[in-house]
Q: 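This structure is in structure tokens; I'll ask about it shortly.
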Amino acid sequence: MRAKVREMTKGRPISLIFFFSLPLMVGSVFQQLYMIVDSIIVGRGVGVQALASLGAADWINWMLLWAIHGFTHGFSVLVAEVFGAGDHKRLQKVIGQIVLLSLAVGVVLTVVGLLAIDPLLRLLQTEQSIIGGSRQYLQVLFVGTIIVLGYNMSAAILRCMGDSRTPLAAMVVAAVVNIGLDLLFVLQFHMGIFGAAVATVIAQLCSLLYCLAAMRQLPACCLSREELRPDKPLLRRLFSLGAPTALQNAVIAVGGMVVQFVLNGFGIVFVAGFTATNKLYGVLESAAIAFGYAMTAYMGQNRGAGRTDRIDAGIRAVVTLSAVISVVISVFTIAFGKGLLSLFVSAEEKNAAEVIEIAYHYLFIMSCLLIILFLLHAYRSSLQGLGNMRVPMASGVVELFMRIGVALLLPPLIGREGIFYAEVAAWTGAAVFLVAYYYTHIRRIKAGIDAERKIIKE
């Protein structure tokens, strides 16, 4: 295996962004695949109650995962900038400090996560019949926090250096391992939810080891003791990039937990249907996330190289790609959604038809408005790549209020299906906020980058 870095400061933006994103899309689909397989095998092999247990754990799990993703994504912005500037000596130092900071963050998140499981499950008023399964699932996953953080760190560094193929290969390996272990632990050894969680952690470990093996081939990732010696100014800079993105994602997850709180009051069957669609939602979002990663690398590298002339072309390219791909995905999911959702529930379950009907209603609403999600990721990641972390963080607050507001206000007015609109309302509010800010301030942002480059040259 060999990592292949790519400069994004030259060439047609639309081709660069598309071909960089393509492996990330496939990799993200494989990542979602092993999460979906967990749910399918647990739902069909153990039952609707077990599927609801996974659903009740979803937002708590995502809060930790998104905090990890936020930290590592923020740290890697500096990697893209330094790589684009061609300063390979400083790049080694930056990567060394990211490793140190990631280890420290991983330890803190592991302890906090494990201590928070029971209070959060009780706060969300999780039903007694499923709370034990949710607790067990989360405990196993949270023990593996440092493994997940290690993979996200290494994948983020590789992406910002223009390598989108290694994270893809790592996810393929993880998906194959996870599916095999799910079948073994859950269906063969009858380990239930515990077995599904253990399979996921082992699969994530395999993806981490694959990325680390590939990184050893890159000179910038061959670190000496000097690079691993704490550099306080650089650590502060990295933390200032990672913390806002982690906070943004945590705030979004808090909104999701409020949705889960409301949802838990609608019964196990409704929770199971909502959970089935949420698992497919990860696949719907895969291409949007991939374009977001591409824009972080693209904008970061061009910012580091002082190529402000390429910024406008980059945003036009990602908007065009987002429009085309989101429409294709929406048509597919509307046409074949019920068949996909039926995979999660055994036809022999007495409530199977009701679960699928609930799930498809939610899936249809999200599919119709999917382009908004794509624009949200495109503009948020573009601003992050340009070094602006505060506005994307503020957009997370907009998401929070929109998601909570709709989840609390709409169901009493139109019935429990009103909660289906909480997610798309959150996308819309945040996307409008980000697009408005981007076009209002882009000239000032480009002028600031030009001024920085002028000072460096002098």
Q: Step by step, work out the side-chain contact (heavy atoms from CB on, under 4.5 Å) result for Leu218 and Asp163.
A: CA-CA 11 Å; Leu218 298 174; Asp163 178 11; 5.7 Å; no
Q: List for me each residue that meets ring-ring contact (aromatic ring centres under 6.0 Å, His included) alongside His73, sequence neighbours excluded, and say none if there are none.
A: His69, Tyr293
Q: Just verifying a value: how many Å separate Gln384 CD and Met393 CE, rounded to the nearest 0.5 Å?
A: 11.0 Å
Q: Heavy atoms, side chains only, cut-off 4.5 Å: are Lys93 and Lys89 in contact?
A: no
Q: Are the side chain of Ser381 and the backbone N or O of Thr296 linked by a donor-acceptor pair below 3.5 Å?
A: no
Q: Supply the atom-to-atom distance Leu100 CG to Asp231 CG, rounded to the nearest 0.5 angstrom.
A: 10.0 Å
Q: Could you check whether any side-chain N or O of Ser240 sits under 3.5 Å from a backbone N or O of Arg237, counting only pairs where one atom can act as donor and the other as acceptor?
A: yes
Q: Under 3.5 Å, side chain of Gln97 to main-chain N/O of Arg229, donor-acceptor pair present?
A: yes
Q: What closest approach, in Å, do Cys221 and Ile95 show between heavy atoms, and which atom pair accounts for it?
A: SG-CD1, 3.9 Å
Q: Could you give the distance from CG (Leu64) to CG (Leu114), rounded to the nearest 0.5 Å?
A: 9.0 Å
Q: Without swapping roles, check the side chain of Gln301 against the backbone of Met8 for a donor-acceptor pair under 3.5 Å.
A: yes
Q: Could you tell me which non-hydrogen atom of Leu24 sits nearest to which non-hydrogen atom of Ala290, and how far apart they are?
A: CB-CB, 3.7 Å
Q: Test side-chain contact (heavy atoms from CB on, under 4.5 Å) on Thr428 and Met402 and set out the steps.
A: CA-CA 9 Å; Thr428 304; Met402 292 296 291; 5.7 Å; no
Q: Identify all side-chain donor-acceptor contacts of residues 364-376 below 3.5 Å with residues at least two apart in sequence or on another chain.
A:
residue	atom	partner	partner atom	Å
Ser367	OG	Thr333	OG1	2.8
Ser367	OG	Leu363	O	2.8

Q: Please determine whether the number of non-hydrogen atoms from other residues, nucleotides or ligands lying under 6.0 Å from atom CZ of Phe194 exceeds 12.
A: no
Q: Find the distance between CZ (Arg12) and CZ (Arg310) and round it off to the nearest 0.5 Å.
A: 11.0 Å
Q: Phe185: what forms a ring-ring contact (aromatic ring centres under 6.0 Å, His included) with it, not counting sequence neighbours?
A: none
Q: side-chain contact (heavy atoms from CB on, under 4.5 Å) for Thr72 and Val105? Distances and angles first, verdict last.
A: CA-CA 10 Å; Thr72 55; Val105 168; over 6 Å; no
Q: If the plane angle is over 60° it's perpendicular, under 30° parallel, otherwise tilted; pick one for Phe71 and Phe239.
A: tilted
Q: For the residue pair Thr245 and Pro392, establish whether any side-chain heavy-atom pair is separated by less than 4.5 Å.
A: no
Q: With rounding to the nearest 0.5 angstrom, report the CE to CD distance, Met191 to Gln136.
A: 9.0 Å
Q: So, does Thr126 use its side chain to make a donor-acceptor pair with the main chain of Leu121 at under 3.5 Å?
A: yes
Q: Mark yes or no for whether Asn152, through its side chain, and Val148, through its backbone, hold a donor-acceptor pair below 3.5 Å.
A: yes
Q: Over all heavy atoms of both residues, which pair between Leu223 and Gly96 is shortest? Give the atoms and the distance, please.
A: CD1-CA, 3.7 Å
Q: State, with a plain yes or no, whether a side-chain heavy atom of Ile146 is found less than 4.5 Å away from one of Thr110.
A: yes
Q: So, taking the atom named CD1 in Ile17 and the one named CE in Met295, what distance separates them when rounded to the nearest 0.5 Å?
A: 4.5 Å
Q: Would a 4.5 Å heavy-atom cut-off, applied to side chains only, mark Leu65 and Leu141 as touching?
A: no
Q: Establish, from distance only, whether the side-chain atoms of Arg380 and Ser395 form a donor-acceptor pair under 3.5 Å.
A: yes
Q: Say whether Gln204 and Ser207, considering side chains only, have a donor N or O and an acceptor N or O under 3.5 Å apart.
A: no
Q: Assess whether side-chain contact (heavy atoms from CB on, under 4.5 Å) is satisfied between Glu399 and Val251, documenting all intermediate values.
A: CA-CA 8 Å; Glu399 275 197 63; Val251 164; over 6 Å; no
Q: Can you tell if the side chain of Pro13 reaches within under 4.5 Å of the side chain of Tyr298, non-hydrogen atoms only?
A: yes
Q: Counting N and O atoms only, with roles assigned by atom type, does the side chain of Arg403 sit under 3.5 Å from a partner on the main chain of Gly255, one being a donor and the other an acceptor?
A: no
Q: Check Val177 against Ala203 and note the closest heavy-atom contact, atom names and distance.
A: CG1-CA, 4.0 Å
Q: Hey, does the side chain of Asn249 reach the backbone of Ala67 with a donor-acceptor pair shorter than 3.5 angstrom?
A: no
Q: Would you call Ile445 and Ile311 a side-chain contact if the rule is heavy atoms closer than 4.5 Å?
A: no
Q: Do the side-chain N and O atoms of Tyr137 and Asn61 include a donor-acceptor pair separated by under 3.5 angstrom?
A: no
Q: Closer than 3.5 angstrom, by distance alone: can the side chain of Arg303 be matched with the main-chain N or O of Leu386 as a donor-acceptor pair?
A: yes
Q: Is the side chain of Ser326 donor-acceptor paired with the backbone N or O of Ala323 at a distance under 3.5 Å, no angle test?
A: yes
